[in-house]
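Values reported hereafter were calculated over all heavy atoms of this structure, with side chains retained and with hydrogens, waters and symmetry mates removed. As the structure is a prediction and not an experimental result, all values here were calculated from the model.
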Amino acid sequence: MGKRRGHPAFAEGSEQALADGFEEDRPAGGRGRRNGRGGGRDSREREPRRTVAERLEAGEISRDDAVEKTREVVLRMLTAAQKSRRELEQSLARKGYPEDVVVQVLDRFGEVGLVDDATYAETIVRTRHSERGLARRGIAAELRRRGIDEDTAVEALEQLDPDDERAAGARLATKLITRTRSLERQVRVRRAVGSLARKGYAPGLAFELVKDALAAEGEETDDLGYAED
């Protein structure tokens, strides 16, 4: 509306000039501009938000401020879900937090037990085995993906008894076979063995468990032979 104030015809009281002046101010597309917003040529592009590392380097915030901001974001992340130290480090690096500040904060969180890879690994082993039926190999692969070091992973996996692992695999094989009763026997075997293998069971053991599940149903299994695809 700023142009109308200085428009010569508007000063003469012409209603048509008022309308003309309004149309003159309206940008292409038919929507008026208000307070410099609306995508006109005068609107400025918003600059990317500076990371904590950039603000610290530029002297905009103190190191204590950076530590506090890092501490707050770590608390939010841990409140949402338990994570390994490596997962936290990677996430904070992507968000632009200073590496040395991250080390300081995570060291402190480790001292008070809020970041504990050993406890985290043990929790993963228990839940993946009891709730999902994963075998040792499948759980070990997940621990590696989550940044758990090998020694910690091996120690956590020791809580898995081989007999318990086999029993869990047998229960899973029974469920898989039960779901495919309408299919041909060879298809049932292939699908069940594949599902068990994806959960970390060795192919030979998976095949053995599936044969046992079929035999429990009364199926003939003596002629079945295992061959990896």
Side-chain angles (χ1 to χ4, degrees), residues 74-91 94 106 109-110 112-229:
V74 172
L75 279 175
R76 288 198 298 270
M77 292 166 67
L78 291 176
T79 300
Q82 191 176 7
K83 294 183 181 297
S84 70
R85 177 167 180 138
R86 183 58 179 158
E87 287 176 312
L88 292 169
E89 289 173 342
Q90 292 174 337
S91 181
R94 289 193 298 268
L106 294 185
F109 273 62
V112 299
L114 292 177
V115 176
D116 186 341
D117 281 3
T119 299
Y120 182 44
E122 290 172 1
T123 300
I124 291 175
V125 172
R126 284 195 307 272
T127 58
R128 301 307 185 265
H129 176 65
S130 61
E131 297 175 7
R132 301 185 188 177
L134 264 65
R136 181 184 296 266
R137 294 200 312 176
I139 300 172
E142 180 169 350
L143 292 175
R144 286 193 297 271
R145 288 195 302 271
R146 293 185 178 276
I148 303 297
D149 68 80
E150 186 174 353
D151 289 342
T152 302
V154 168
E155 187 173 349
L157 287 165
E158 286 179 355
Q159 64 186 302
L160 275 185
D161 184 271
D163 292 336
D164 291 339
E165 183 179 35
R166 186 183 181 90
R171 289 192 297 271
L172 188 56
T174 299
K175 289 180 181 179
L176 293 167
I177 286 298
T178 300
R179 294 173 187 167
T180 57
R181 283 178 177 164
S182 62
L183 302 176
E184 294 182 359
R185 188 187 61 169
Q186 199 61 38
V187 174
R188 299 174 74 190
V189 171
R190 185 170 62 251
R191 290 188 179 182
V193 170
S195 293
L196 287 170
R198 286 191 292 274
K199 288 183 176 292
Y201 291 88
L205 174 60
F207 181 69
E208 182 182 340
L209 294 173
V210 170
K211 280 184 64 176
D212 290 345
L214 283 171
E217 280 192 349
E219 284 276 359
E220 177 61 47
T221 59
D222 290 342
D223 61 328
L224 283 175
Y226 174 71
E228 290 190 62
D229 291 335

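- Considering CD of Glu165 and CD1 of Ile139, their distance stands at 7.5 Å, rounded to 0.5 Å.
- With values rounded to the nearest 0.5 angstrom, Leu160 atom CG is found 10.5 Å from Arg126 atom CZ.
- Heavy atoms only, all atoms of each residue included: Gly169 and Tyr201 are closest at N-OH, 3.2 Å.
- Once rounded to the nearest 0.5 Å, the distance linking CG of Leu157 with CD1 of Ile148 reads 10.5 Å.
- Across all their heavy atoms, Ala156 and Glu122 have their closest contact at CB-N, 3.9 Å.
- The number of heavy-atom neighbours closer than 6.0 Å to CD of Gln90, taken from other residues, nucleotides and ligands shown, is above 12.
- Proximity of Leu143 to Ile124: side-chain heavy atoms (C-beta onward) are separated by under 4.5 Å at one or more points.
- By the 6.0 Å contact criterion, CZ on Arg136 is enclosed, its count of non-hydrogen atoms from other residues, nucleotides or ligands being greater than 12.
- With hydrogens and angles ignored, the 3.5 Å screen pairs a side-chain donor or acceptor of Lys199 with a backbone N or O of Arg132.
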message = What verdict does the side chain to side chain contact (heavy atoms under 4.5 Å, CB included) test give for Ile177 and Arg188, after you've listed the backbone C-alpha separation in whole Å, the side-chain angles of each residue and the deciding distance to 0.1 Å?
response = CA-CA 6 Å; Ile177 286 298; Arg188 299 174 74 190; 3.1 Å; yes
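- Taking the side chain as every heavy atom from C-beta outward, Arg181 and Glu217 approach each other to under 4.5 Å.
- Atom OG of Ser195 is separated from atom CZ of Arg179 by 8.5 Å, given to the nearest 0.5 angstrom.
- A salt bridge links Arg128 with Glu142; the closest basic N to acidic carboxylate O contact falls under 4.0 Å.
- The two residues Leu209 and Ala170 come nearest to each other via the heavy atoms CD1-N, 4.0 Å.
- With rounding to the nearest 0.5 Å, the separation of CG in Asp117 from NZ in Lys83 is 12.5 Å.
- A donor-acceptor pair shorter than 3.5 Å cannot be found between the side chains of Thr174 and Arg171.
- The two residues Arg137 and Pro203 make their nearest non-hydrogen contact at NH2-CD, 3.8 Å.
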task = May I have the step-by-step check of side chain to side chain contact (heavy atoms under 4.5 Å, CB included) for Leu78 and Leu88, ending in yes or no?
result = CA-CA 9 Å; Leu78 291 176; Leu88 292 169; 4.1 Å; yes
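- A salt bridge between Arg166 and Glu208 is present, with a side-chain N of the basic residue lying under 4.0 Å from a carboxylate O of the acidic one.
- For the pair Ala121 and Thr152, the tightest heavy-atom approach, listed with the atom from each and the gap, is CB-CG2, 4.2 Å.
- Distance check: Leu75 CG to Phe109 CZ gives 4.0 Å after rounding to the nearest 0.5 Å.
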query = Could you go step by step and tell me if Leu176 and Val210 meet the side chain to side chain contact (heavy atoms under 4.5 Å, CB included) rule?
reply = CA-CA 9 Å; Leu176 293 167; Val210 170; over 6 Å; no
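- A 4.5 Å side-chain heavy-atom check between Phe207 and Val189 finds at least one atom pair inside the cut-off.
- Shown here for Arg146 and Tyr120, the closest heavy-atom pair between the two residues is NH1-OH, 3.1 Å.
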